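Single-structure report; data block below.
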Amino acid sequence: MSNVSETPEVRVRFCPSPTGTPHVGLIRTALFNWAFARHVGGKVVFRVEDTDAARDSEESYESLLEALRWLGLDWDEGPEVGGPHEPYRQSLRRSVHEDIAKRLFAADELYESFSTNDEVEARRRAAGQDPKLGYDNFDRDLTDEQKAAFRADGREPVLRLRMPDSDITWTDLVRGEITFKAGSTPDPVMVRANGVPLYPFVNPVDDALMGITHVLRGEDLLPSTPRQIGLYQALQRIGVTGFTPEFGHLPTVTGDGNKKLSKRDPQSNLFHYRDLGFLPEGLLNYLALLGWSIAEDNDIFSVEEMYAAFDIAKVSSNPARFDLKKAEAINGTHLRALPVEQFTSAALPYLAADGVLPAEPSAEQVAQLAAIAPLVQERLALLSEASDMVRFLFAAEESFTPEPASAAKALGPDAEPVLRAAIDSLQALDEWTTEAIQDALKTSLVDGLGLKPKKAFAPVRVAVTGRTVSPPLYESMELLGKDRSIGRLLRALGAA
RNA sequence: GGCGUGUUCGUCCAGUGGUCAGGACGUCGGAUUCUCACUCCGGAAACACGGGUUCGACUCCCGUACGCGCUGCCA
């Protein structure tokens, strides 16, 4: 304990492998790592574990970067920003790994193992044991003669880690003390016979080399921690690192069942939520709630507030189910809290994607959008819902048709006198304002025809906006303009 | 099978020996209202089970049940 005075800076890492699209569980892990580091002013290392040639892809790598950028989760070292431990793409670190493996082998921390799976299984059975117990450490003390005999047979050895013969215990940052009994983890393969180092080797080695102090990862990795610690101890003995990091195992994010949200499940795709119209801050807020809470009586917070308050020790150890409804509600409150200009520009790409507006709207369209934005902002939970709300405003008159379901509800034969009266009173207006429209409609329909407001306005609403659900009617009509509004009423009348 | 881990309203999170067990989403009812939404008010809704320890357990211990994860020369 001579070095106690030096308090190493906190360094966490986010080390996904680029297979498929970014998973919300993965992002939750990234978020917690990020918040943990930011809370204490530590560093975030982003390392890409692209050593599975069969499954990794460049597109997937790009989408990982895109996902983190979209969410605003930044990193201090890694792709595109560099850092003192380059390279940060694991596939480029092969020679480093081979060198460490060589040193570990020279120190007898790694040993040559020739056993085939069949042989291991046969020995387990012969001993009356369950073959599922795995490797039996048979090759630990092979003599040179035995090894030579295997080689003479044409067999090439894998390299296995000599696991410690003692219990392995650590204090998990989220779960407390965890112990695995000595002998419960068979000596794991670290390097293939063909010389390719494997994930269980390369991941801890890179963590050690990069000075990672805290490993926060999914609960599914918990059973692999003993071999990780075993490797770390060996690495310390040969002087590659001076310490073993702290571990914290985050609860699983589950889907509708209580099983881990599958990579295949569309619900697990981060971009699915962006497409639905989640705001980065809304999604992040919800993700933060999966295993953590900022306070007993508050669920709504910004990323800044999150990392300011984040405490890994307060993370729950229960699996958390992804609840879309709650996520939407959280997003809705972030959406409503946005300054209207920001809401408008956030909604624009969705409107363009739905063909409601061109990608480059005209000045007039921009003005119209700005005018209606405050009316729709408070009735959305997701940006993708904006299209149906405002489509009527931007639709060309020739192509405008009320939605069939809404028309069936409100534009039946009963609607005829209502529409007629509405048209008459509106045509008489010389001033086209919300107030004037409201007065005209109220006097002609409610007072004049003696209808209940609900009955009176439904046909007008559907005729003008095309839907039974719309932004406020009078304001909508004012924005639409007198000619277009009355034109739509006339056409509805013709169809009624 | 073995090892590990988990178990508070339908869901997520609080609660760390004495609370009418709290909040949020959802749900139900109501108010407001031109629809929807927002907002507001109110209701229903949980400590897996069994033993201990204790004057007293949701809280501590043990066991059972059930869930989940891992058990690869994938990552």
Side-chain angles (χ1 to χ4, degrees), chain A residues 15-19 49-52 54-56 90 113 116-117 129-135 156-160 172 175 178-181 183-186 188-194 196-200 202-203 218-226 249 251-252 254 256-260 286 289-300 314 316-330 332-333 336 375-381 385 389 406 409-410 438 441-442 445-446 452-458 460-462 465 467-476:
Chain A
C15 53
S17 62
T19 60
E49 308 219 324
D50 54 345
T51 51
D52 185 346
R55 294 192 303 159
D56 295 334
Q90 205 161 57
S113 169
T116 65
N117 290 333
Q129 296 167 335
D130 188 338
K132 286 214 170 90
L133 256 21
Y135 181 62
E156 289 299 325
V158 298
L159 261 29
R160 288 187 186 269
D172 196 272
R175 284 152 213 276
I178 296 177
T179 297
F180 281 71
K181 286 270 184 308
S184 62
T185 306
V189 175
M190 299 277 108
V191 182
R192 277 187 184 137
N194 64 7
V196 176
L198 295 162
Y199 165 81
V202 130
N203 174 273
E219 176 182 12
D220 51 332
L221 268 341
L222 199 153
S224 72
T225 307
H249 290 90
T252 305
T254 72
D256 283 335
N258 37 15
K259 290 214 190 345
K260 197 165 60 158
Y286 179 66
L289 258 13
L290 260 23
W292 183 74
S293 64
I294 196 167
E296 184 172 344
D297 57 357
N298 177 33
D299 276 349
I300 305 297
K314 299 265 302 224
S316 156
S317 44
N318 303 345
R321 181 173 309 188
F322 192 99
D323 180 352
L324 183 60
K325 279 281 191 293
K326 176 142 185 179
E328 288 178 359
I330 300 276
T333 102
R336 262 170 260 124
L375 303 176
V376 302
Q377 180 175 10
E378 71 180 16
R379 49 204 88 211
L380 304 181
E385 296 165 347
M389 280 292 181
S406 296
K409 240 181 281 179
Q438 171 170 344
L441 255 19
K442 279 207 162 134
L445 306 182
V446 180
K452 283 198 181 312
K454 215 175 166 85
K455 276 279 173 196
F457 296 109
V460 179
R461 180 183 305 281
V462 173
T465 71
R467 310 197 336 140
T468 50
V469 173
S470 79
L473 220 211
Y474 321 125
E475 286 86 343
S476 295

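Lettering of chains follows the sequences in order, A, B, ..., and the numbering in each one begins at 1. It should be emphasised that the depicted structure is a prediction, and the values quoted were computed from it without experimental measurement.
With distances taken from any side-chain atom of A/E219 to the nucleotides B/G22, B/U5, B/C34, the minimum falls on B/U5. Side-chain proximity of A/L198 to the nucleotides B/G23, B/U5, B/C74 is greatest for B/C74. Taking the side chain of A/K326 as heavy atoms from C-beta on, and the options B/G69, B/A24, B/U5, the nearest nucleotide is B/A24. Candidate nucleotides B/A75, B/G23, B/U11 were compared by shortest atom distance to the side chain of A/D297, and B/G23 ranks first. Counting only heavy atoms from C-beta on, A/R175 has its side chain closest to B/U5 among B/U35, B/U5, B/C70.
A gap of 42 Å separates the P atoms of B/C38 and B/G50, to the nearest Å. Separation of the P atoms belonging to B/A14 and B/G23 is 16 Å when rounded to the nearest angstrom. Comparing the P positions of B/G22 and B/A44 gives a spacing of 11 Å, expressed to the nearest Å. Separating the P atom of B/C60 from that of B/A45 is a span of 26 Å, rounded to the nearest Å. Taking atom P in both B/A37 and B/G26, the straight-line distance is 11 Å, to the nearest Å. One C1' atom belongs to B/A57, the other to B/A21, and the distance between them is 13 Å to the nearest Å. For the P atom pair drawn from B/C34 and B/C25, the interatomic distance equals 26 Å after rounding to whole Å. With P as the reference atom, B/U59 and B/C9 are 14 Å apart, rounded to whole Å.
Atom CG of A/D52 is separated from atom C1' of B/C73 by 13 Å (rounded to the nearest Å). In this structure, CZ of A/R160 is placed 10 Å from C1' of B/G72, rounded to the nearest angstrom. Atom CG of A/N318 is separated from atom P of B/C9 by 10 Å (rounded to the nearest Å). Nucleotide B/A75 holds its P atom 20 Å from the CG atom of A/L222, rounded to whole Å. For the pair A/E378 CD and B/U39 P, the interatomic distance rounds to 9 Å; values are reported in whole Å. One can place CD of A/E328 at 9 Å from P of B/G26, the figure rounded to the nearest angstrom. Between A/R321 atom CZ and B/C12 atom P the separation is 6 Å, expressed in whole Å. Between the P atom of B/G6 and the CG atom of A/L221 lies a distance of 16 Å, rounded to the nearest Å.
Contact annotation for A/G218: no contact, since no heavy-atom pair falls under 4.0 Å across all strands. A/V189 comes within 4.0 angstrom of sugar-phosphate atoms only, judged by non-hydrogen atoms across all strands, and of no base. In this structure, A/K181 reaches neither bases nor backbone, as no heavy-atom distance under 4.0 Å exists between it and the strands shown. Contacts of A/I300 with the nucleic acid, taken as non-hydrogen atoms under 4.0 Å apart, are absent. When heavy atoms are screened at a 4.0 angstrom cut-off, A/K452 is found touching no nucleic acid atom at all. Residue A/E475 is classed as a base contact, given a heavy-atom separation below 4.0 Å to a base. A/S316 comes within 4.0 angstrom of the backbone, heavy atoms only, and of no base. Among the heavy atoms of the strands lying under 4.0 Å from A/T51 are primed sugar atoms or P, OP1, OP2 only; no base atom is included. Across all strands shown, A/T468 has heavy atoms under 4.0 Å from base atoms, whether or not it also approaches the sugar-phosphate. Nucleic acid contact for A/D130: base, since at least one base atom lies under 4.0 Å from a heavy atom of the residue. Residue contacts for A/P251: at a heavy-atom cut-off of 4.0 Å it reaches no nucleic acid atom on any strand shown. Nucleic acid contact class of A/F180 (heavy atoms, under 4.0 Å, all strands): sugar-phosphate only. Backbone-only engagement by A/A320 is indicated by non-hydrogen atom pairs under 4.0 Å involving sugar-phosphate atoms exclusively. Counting any heavy atom pair closer than 4.0 Å across all strands shown, A/K325 reaches sugar-phosphate atoms only and no base atom.
For the residue pair A/S406 and A/R467, no side-chain donor N or O sits within less than 3.5 Å of a side-chain acceptor on the partner.
One finds no side-chain N or O of A/N258 lying less than 4.0 angstrom from the OP1 or OP2 phosphate oxygen of B/G67. Between A/K259 and B/C68 there is a side-chain N or O to OP1 or OP2 distance below 4.0 Å. The phosphate of B/G69 has neither OP1 nor OP2 within less than 4.0 Å of any side-chain N or O from A/K260.
The base of B/C38 does not come close enough to the side chain of A/R379 for any donor and acceptor atom to sit less than 3.5 Å apart. Residue A/R336 places no side-chain atom within donor-acceptor reach of the base of B/U39, judged by atom type and a 3.5 Å distance cut-off alone.
Heavy-atom minimum distance, A/K260 versus A/T252: CG-CG2, 3.5 Å. The heavy-atom pair separating A/G291 from A/P251 by the smallest distance is CA-CG, 4.3 Å. In plain terms, the two heavy atoms of A/S17 and A/E49 that are nearest each other are CB-O, 3.1 Å. Across A/T51 and A/D56, no two heavy atoms sit closer than the pair N-OD2, 3.1 Å. Closest approach of A/S184 to A/P186, counting heavy atoms only: O-CD, 3.6 Å. For the residue pair A/P226 and A/T185, the shortest heavy atom distance occurs at CB-OG1, 3.6 Å.
Toward the 5′ end of RNA chain B lies the nearest nucleotide of A/A329, the other residue of the pair A/M389 and A/A329 mapping further downstream.
The NE2 atom of A/H249 sits 7.0 Å away from atom CD1 of A/I178, with the distance rounded to the nearest 0.5 Å.
For the ring pair (Phe, Tyr, Trp, His ring centres under 6.0 Å) test, residues two or more places apart in sequence or in another chain that qualify with A/F322 are A/Y273, A/Y286.
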Under a cut-off of 3.5 Å for both distances of each Watson-Crick or G-U pair, what dot-bracket string does RNA chain B give, using [ ] for crossing pairs and | for inter-strand pairs? (((((((..((((....[...)))).(((((.......)))))....(((((..]....))))))))))))....
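Under a cut-off of 6.0 angstrom, the local environment of CG in A/D256 is sparse, with at most 12 non-hydrogen atoms contributed by other residues, nucleotides or ligands.
With salt bridges taken as basic N to acidic carboxylate O contacts below 4.0 Å, one links A/R175 and A/E219.
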